[in-house]
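Everything below concerns the one structure shown next.
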Amino acid sequence: MNPERVHYLAMNSLQNACNIPIIKHIIQQQFSIQHEVLEKEVFGLRFKNPVGLGAGFDKNATYLHALSCLGFGFVEIGTVTPKAQSGNEKPRLFRLPADKALINRMGFNNDGVLAIQKRLADWKNKAAKISTSALIVGGNIGKNKHTKNEDAWKDFTLCFDALFDVADYFVVNVSSPNTPGLRALQEKDALKKILSSIQNINFGKYKPKPLLLKIAPDLTTWQLDDIIALAEEVQLSGMVISNTTIERSTLKATPAAIVEHIGSGGLSGAPLLLKSNEVLKYVASQTNYRLPIIGSGGIFTADDAKQKILLGASLIQVWTGFVYEGPGITHKICKGLINK
Ligand SMILES: Cc1cc2nc3c(=O)[nH]c(=O)nc-3n(C[C@H](O)[C@H](O)[C@H](O)COP(=O)(O)O)c2cc1C
């Protein structure tokens with residue numbers, strides 16, 4: 001079956017199951033894990049465990065109830081854009097099981113910031129009543145496909161403002177390969193305009209929210225140095241390292257003809273682990289391990305997660321690993337982290 005259809009079928013079934021109290025209880029018993037060594041305070045937020053779900057899985061904040069039952073410490077919704085958009089033509093999500101990888105060119109399909117704001121507000125109200133508010137929700141924000149790069153800062157500030165009261169932290173996404181020209185916004189001047197416009201609003205609030213930047217694993221060292229300097233200048237709370245890669249050289253088992261036939265898109269999963277770890281290691285060491293980093297890319301096991309934490313990550317996120325390993329992945333990683 002088409003992988004995108006499977007995604008929605010599986011998540012809808014899980015969400016429906018979690019609406020039945022006895023089944024929800026069984027799912028929570030099986031997948032949730034609580035232990036004081038897993039608890040962590042990062043950029044002023046208290047995480048019940050350091051294992052999160054990466055952006056793009058629950059783009060529209062539809063499945064937070066189900067995802068909280070699976071034991072995630074945090075979920076990053078989005079990427080959210082000001083206007084709803086349908087994304088790229090299907091098929092746009094491809095499984096490469098021999099390499100434990102995915103290639104996607106979704107193109108920021110999402111319901112738009114106002115619909116998502118409402119959904120998040122409803123979730124927050126409901127979660128407060130059933131006391132599952134311990135799930136931290138990050139808001140990953142982006143620009144619409146047809147917004148020119150010079151106007152991108154307006155899209156980012158609009159999304160930030162709209163979601164301010166309903167998201168716990170924010171991530172600026174300028175690193176997805178599937179919106180034409182987006183990654184050019186990782187250049188110093190363009191990025192400074194976006195980040196400083198957001199921080200202007202943020203620092204005017206009574207209690208500013210943590211603002212992070214998500215970067216691509218394909219940046220050069222000098223680009224990374226610019227970003228590190230900028231992170232300090234605009235007082236970022238952290239970085240998410242990394243997004244998917246446009247490189248294909250780490251694919252070993254999938255026949256080249258299949259890879260070519262799939263075409264453009266971001267590669268995630270096992271072939272991204274080393275590359276994202278290299279960038280993580282560089283940024284962590286250059287910032288003297290003081291800047292909180294969310295490690296993303298190629299995590300399937302507790303050892304993969306430990307590796308990122310050793311390199312300098314404070315928190316980690318799974319995505320492709322969740323697809324291949326199934327809903328027990330958080331429990332498995334948390335257990336491994338307790339027994340480290
Ligand atoms: C189908 C798909 C859609 C994604 N959509 C987004 C997105 O909208 N915004 C974003 O910042 N990252 C997005 N990502 C990137 C993931 O959040 C994650 O950073 C990346 O897949 C690397 O982690 P992994 O190797 O564990 O999958 C997406 C990834 C996949 C596979």
Side-chain angles (χ1 to χ4, degrees), residues 2-8 10-11 51-61 72 74-81 85 87-88 90-96 99-111 116 138-145 156 159 169-179 182-183 185-186 212-218 239-247 250-251 262 265-277 279-280 293-301 304-305 307-308 313 315-325 329-330 333:
N2 175 306
E4 198 177 334
R5 257 179 74 80
V6 173
H7 177 87
Y8 289 111
M11 288 313 297
V51 184
L53 182 62
F57 197 97
D58 189 10
K59 286 176 182 283
N60 295 311
F72 285 105
F74 63 111
V75 171
E76 199 170 299
I77 60 113
T79 296
V80 181
T81 57
Q85 56 181 33
N88 292 323
K90 294 176 187 168
R92 55 193 180 180
L93 175 59
F94 307 88
R95 285 187 186 217
L96 288 65
D99 275 299
K100 290 171 87 178
L102 297 171
I103 289 178
N104 90 83
R105 51 168 171 275
M106 307 300 286
F108 291 171
N109 52 307
N110 77 105
D111 291 344
I116 294 170
N140 182 302
I141 54 178
K143 77 164 192 76
N144 277 115
K145 183 178 178 183
F156 282 95
C159 290
Y169 72 90
F170 285 88
V171 177
V172 165
N173 180 15
V174 282
S175 49
S176 286
N178 304 314
T179 294
L182 185 81
R183 284 158 65 121
L185 294 173
Q186 291 176 117
L212 289 81
L213 172 70
K214 185 166 181 177
I215 61 173
D218 308 313
M239 285 201 212
V240 183
I241 303 176
S242 72
N243 214 314
T244 56
T245 176
I246 52 171
E247 234 193 81
T250 48
L251 281 172
I262 290 172
L267 172 67
S268 60
L272 178 61
L273 181 69
L274 280 182
K275 203 173 159 69
S276 59
N277 282 357
V279 181
L280 164 58
I293 295 174
I294 302 179
S296 159
I299 300 174
F300 287 74
T301 65
D304 298 335
Q307 213 179 330
K308 290 215 194 265
L315 302 163
I316 59 105
Q317 288 176 331
V318 294
W319 206 122
T320 307
F322 185 42
V323 170
Y324 283 102
E325 301 290 308
I329 189 167
T330 318
I333 293 176

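As the structure lists them, so they are numbered: ligands from 1, and atoms in each ligand from 1.
Heavy-atom proximity to N104, at under 4.0 Å, picks out these atoms of ligand 1: 1 (C), 2 (C), 3 (C), 29 (C), 30 (C), 31 (C). Heavy-atom proximity to T244, at under 4.0 Å, picks out these atoms of ligand 1: 20 (C), 21 (O). Interface atoms of ligand 1 facing T320, defined by a heavy-atom separation under 4.0 Å, are 24 (P), 25 (O), 26 (O), 27 (O).
When non-hydrogen atoms are compared, ligand 1 lies under 4.0 Å from the backbone of T79 as well as from its side chain. At a heavy-atom distance under 4.0 Å, only side-chain atoms of K214, from C-beta outward, approach ligand 1. When non-hydrogen atoms are compared, ligand 1 lies under 4.0 Å from neither the backbone nor the side chain of V240.
We find the CD-CG distance between Q186 and N243 to be 8.5 Å, quoted to the nearest 0.5 Å. Between the CD1 atom in I262 and the CG atom in L96 there is a gap of 4.5 Å [rounded to 0.5 Å].
Side-chain contact between V318 and I333 is present, with at least one heavy-atom pair separated by less than 4.5 Å. Looking at W319 and I299, their side chains never come closer than 4.5 Å, going by heavy atoms from C-beta outward.
A side-chain contact (heavy atoms from CB on, under 4.5 Å) with R95 is found for exactly one of I103, N2, V6, namely V6.
Ring pair F322/F72: centre-to-centre distance below 6.0 Å.
For ligand 1, the polar-atom distance check finds no N/O of V318 at less than 3.5 Å from any of the ligand's N/O atoms. Here's the thing with N173: one of its N/O atoms is less than 3.5 angstrom from an N/O atom of ligand 1. Not a single N or O atom of L102, backbone or side chain, sits closer than 3.5 Å to an N or O atom of ligand 1.
Listed by chain and number, the residues in a salt bridge (charged side-chain N to carboxylate O under 4.0 Å, His left out) with E325 are K100, K332 (sequence neighbours excluded).
A heavy-atom separation below 4.0 Å is found between S242 and ligand 1.
Each side-chain hydrogen bond (donor to acceptor under 3.5 Å, both in side chains) pair with one or both residues in residues 265-276, not counting sequence neighbours, appears once here: D218-K275, E247-K275, S268-T320, S276-K308.
Counting only non-hydrogen atoms, the option in G56, G107, S296, G54 that gets closest to atom 18 (C) of ligand 1 is S296. Between L267, I329, N243, it is N243 that holds the heavy atom closest to atom 15 (C) of ligand 1. Between the choices F108, W319, F57, Y324, the shortest heavy-atom distance to atom 3 (C) of ligand 1 belongs to W319.
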